Amino acid sequence: MAERPHLNLIANAEQKMLAETARKLVEEKAPVERLRELRKPEHPKGFSRSLYSEMAELGWTALLIPEAYDGLGLGLFDLVGVLESLGRELAPEPLLTSALLGAYPILEGESEALRQRFLPGIASGDAIVTLAYEEEGLRDYYERPSASITAYNAGYVLNGTKIQVADALVADAFVVTCRSAATDSLAMVLVEANSDGVSIERQYRVDSRVVGIVRFENVDVAEDEVLSLEAVPLFNKTLNRAAVGLSAEMLGAAEKAFEDTIAYLKERVQFDVPIGSFQALQHRAATLYCELELLRSSVYAAAAAADQAEEAFPRLAALAKARANETFLHVAKEAIQMHGGIGMTDECDIGFYLKRAQAAAWSLGNTSYHRRRWAELNGY
Amino acid sequence: MSELESFRMEVREFLEANAPRSLRGTSPSGPFDGYWGGKKHPPVDPDVLKWRDVCYERGFTAPTWPKEYGGAGLSRKHAAVLYEEMRALGLPRPVVGFGFAMIGPTLLEFGNEEQKHEHLPKIARGEIRWCQGYSEPNAGSDLANVQMKAERDGDEFIVNGQKTWTSHADKSDWIFCLVRTSQEDRKQRGITFLLVDMESEGVSVRNIDLISGSSPFCETFFENVRVPVRNVVGQIGDGWTVGKALLQHERSNIGSSIGRQPGSGQRELVEKARHHLYWDGKRLEDAVMREKIAALGMEEEAFQLTLDRVAQKAQAGGNPGAESSILKVVATELKQARYELGQEIAGAAGLGWTGPGFSESDLEFTREWLRSRANTIEGGSSEIQRNIIAKRVLGLPDAK
Ligand SMILES: Cc1cc2nc3c(=O)[nH]c(=O)nc-3n(C[C@H](O)[C@H](O)[C@H](O)COP(=O)(O)OP(=O)(O)OC[C@H]3O[C@@H](n4cnc5c(N)ncnc54)[C@H](O)[C@@H]3O)c2cc1C
């Protein structure tokens, strides 16, 4: 079984400042109640582009991009603090989408042309690239999509349909997982959103995020738009990185739902006393607190491993996401229970957290998926 | 090379030259896992004593204690390096027990010079073994309800009453007690923290069997036991302050002793599963069990990482703070979960009490499984820990 590396789990002064700035900005400009507006059909993007530009100006979109491509060349630990802050208010701005899901496979893929074409734009916030990997009925067999590419002229053609693609309506380009007919293996290619044969339809999801069905019909893919034809390692690395980013958002969200619930326990009076004086509720709150601390350690460790000890990273990424799934869901359900009837109303913000918890738990690997990976990586 | 790194090199050299071969790779080290010492200790492997002696020479049995009391005066950071290096070689801590983990640190904080000089070096050498006289028949979770009486008579107290659940009282030389020296308006007042020599006239001990079949537990009776007043730690009547501080040491030690063996639960369960379930050469065929083991292994890792994070925060000079309050409850419930799952894997093979037809390791595991039920009771039950988290950390109000 695997060795444990030494990981630094405490943020340094710059990292703390970055997370603090993010927290203030999000509290001020992106309170969770915004989602009631953003989820409406007449709001085509589901987030605020101007706020996203502000985030880009603060450098968040550039954090992980190397300096050679106009980025800041920092690590996942830096980004995780920012994502945690965004998560607190369930801010849907596509930072995780573009800075991780889109940028990472381009950065680690085989096409220098794509790096030069997209990374500077992602870093500046002008371009948004997303990952299209979900398909109907695929469950978590991500390595066996039905979408496929076949050789055609000097390049390939792509056919297939992806669903629940994050930020599909605003994306400038999609990184698409597909089967390569030639190698009979997973492949990853990049397709621009305005290419011939690409059509996009909005989906309305329980968590108010704007996602979409993306259909690819005989879409041309040039040789230099191929990220990998033997893409299992690239996909796994991308999934792991993004799963840790999502876990950080989930940590922030769970933390905020918990804080709001504790505040409610102190304020709501029944039987002439605050309900927080009931031991049945106190103990459950204490249990949630323990779970949150364990989640925090797991997320920070995974991010630290990405920056400091790559060999331990896949294991710790699986740990972070599995625990984020469980903990966020547990916190969100208990939060509603402890709010009583008001917690069931659309008017109360706490419900947004349960909806997001469910959606996040089924993105980038569910609990069972990550447990299986953990078992494999530990040799059983 | 940083000062800390050169210290690490120094430690490596020391261990290389001095740690007995026979002890290497034997034990994951924790504060309750090794040589407990004391005058009544049954004969041990001479290497264990040799190991203790070479460490004591350097102050390494109690590395953070000042040199004048038998320690090495190391910072927590340096001590952590020492333990890391011991762990890397699979060496046990040279001296463990309630003296080292509980009364020692408490004396350092509250004891007077005379007490520190008298007791600490003997603890550091493992000469004197200590037990804990807190619980009484009517003072468990409600510890401040202690009734064992100590009446002043000149330079002495006359002690009468009973302690219970006193672990290892039969093997201990001294006992630290909470006794009542006066009745006050609040029961937390009028308690005194008193050190008693078990050889004093009037102290007697009776063993109690546990459900796991062993009997580490005792009732300890005090009949007109004379104890010098100079054995009071802290102020007379203010023993609650001292007693609570000791509980902090006890709980964090229980927490960390479980966490000090990273991945050991998962390893043990996988081993058990390979033995009792179908193994296809590469992995466990039973997908449900496989997932359960993974979930436990993950929780174990998350807990270990939390210990690391708390330690790093403390080393960085920050307050160990709120996070450390969860260690006892998480550690003990995790340990129970591991034994429950082990029993689930073993199935009927885990039902044995003694041979024939049961393997040694299954028999031992079953006893450990039973023993683990105590983890969430001893040292402050899980319910009490959750009360503490709810009130002190989350700031939830008291019941009316
Ligand atoms: C293996 C073992 C070793 C021990 N070793 C020692 C030792 O060396 N020295 C020593 O002094 N003591 C020792 N103890 C005693 C231990 O500290 C007590 O058992 C413990 O404090 C609980 O007290 P109790 O047994 O009286 O249970 P009780 O206090 O009667 O508790 C019974 C149940 O009620 C619950 N309960 C009590 N109060 C509350 C509350 N306010 N809110 C919610 N639930 C509550 C408890 O959690 C428990 O579930 C040991 C115990 C065990 C099991």
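Just so it is clear, the values below take in all heavy atoms, side chains as well, and ignore hydrogens, waters and symmetry mates. Chain A is the first sequence line, chain B the second, and so forth, proteins listed ahead of strands; every chain is numbered from 1. Computed from a prediction, not measured in an experiment: that's the story for all the values here.
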At a heavy-atom separation under 4.5 Å, does A:Ala318 approach chain B through its side chain, its backbone, both, or neither? both
Is it the side chain or the backbone of A:Ala322 that comes within 4.5 Å of chain B heavy atoms, both, or neither? side chain
So, does B:Glu301 use its side chain to make a donor-acceptor pair with the main chain of A:Ser298 at under 3.5 Å? no
Heavy-atom pair of closest approach, residues B:Leu394 and A:Ile262: O-CG2, 3.8 Å
Gap separating the CD1 atom of A:Ile10 from the CD atom of B:Gln312, nearest 0.5 angstrom: 5.5 Å
Count the heavy atoms belonging to other residues, nucleotides or ligands that lie under 6.0 Å from CE of A:Met17, then report whether that count exceeds 12. no
Whatever's closer than 4.5 Å to a heavy atom in chain A on B:Glu383 counts as both
What's the shortest heavy-atom distance between B:Ala390 and A:Ala286, and which atoms? N-CB, 4.5 Å
Can a donor-acceptor pair be found, under 3.5 Å and without considering hydrogens, that links the side chain of A:Arg371 to the backbone of B:Lys292? no
One option among A:Glu376, A:Glu291, A:Arg323 has the most heavy-atom pairs under 4.5 Å with chain B, and it is A:Arg323
Is A:Phe278 in contact with chain B via its backbone, its side chain, both, or neither, using a 4.5 Å heavy-atom distance? neither
Side chain, backbone, both or neither: which part of B:Glu299 has a heavy atom under 4.5 Å from chain A? both
Do B:Arg309 side-chain atoms and A:Glu293 backbone N/O form a donor-acceptor pair below 3.5 Å? yes
Separation between CG of A:Leu294 and CE of B:Met298, rounded to the nearest 0.5 Å: 12.5 Å
When heavy-atom pairs shorter than 4.5 Å are enumerated against chain A, which of B:Ile389, B:Asp308, B:Leu305 gives the highest number? B:Leu305
If you take all heavy atoms of A:Ser297 and B:Ala302, which pair is closest and at what distance? CB-O, 4.0 Å
Counting only heavy atoms closer than 4.5 Å, note whether B:Asp280 contacts chain A via side chain, backbone, both or neither. neither
Max heavy-atom pair count under 4.5 Å with chain B, selected residue of A:Gln282, A:Gln279, A:His6: A:Gln282
Which atom of B:Arg283 lies closest to which atom of A:Tyr380, heavy atoms considered: CB-O, 3.4 Å
So which of A:Asp272, A:Thr367, A:Asn8, A:Leu295 has the largest heavy-atom pair count under 4.5 angstrom toward chain B? A:Asn8
Looking at every non-hydrogen atom in both residues, tell me the closest pair between A:Gly379 and B:Trp279 and how far apart they are. O-CH2, 3.6 Å
For B:Arg290 and A:Trp374: C-alpha separation, side-chain torsions, deciding distance, then whether side-chain contact (heavy atoms from CB on, under 4.5 Å) applies. CA-CA 10 Å; B:Arg290 192 162 172 254; A:Trp374 169 274; over 6 Å; no
Could you have a look at B:Val330, B:Ile388, B:Asn387 and say which one has the most heavy-atom pairs with chain A under 4.5 angstrom? B:Asn387
Run the numbers on B:Leu396 and A:Leu265 for side-chain contact (heavy atoms from CB on, under 4.5 Å), then give the verdict. CA-CA 8 Å; B:Leu396 292 172; A:Leu265 291 181; 3.9 Å; yes
Once rounded to the nearest 0.5 Å, what's the spacing between atom CG of B:Leu327 and atom SG of A:Cys290? 9.0 Å
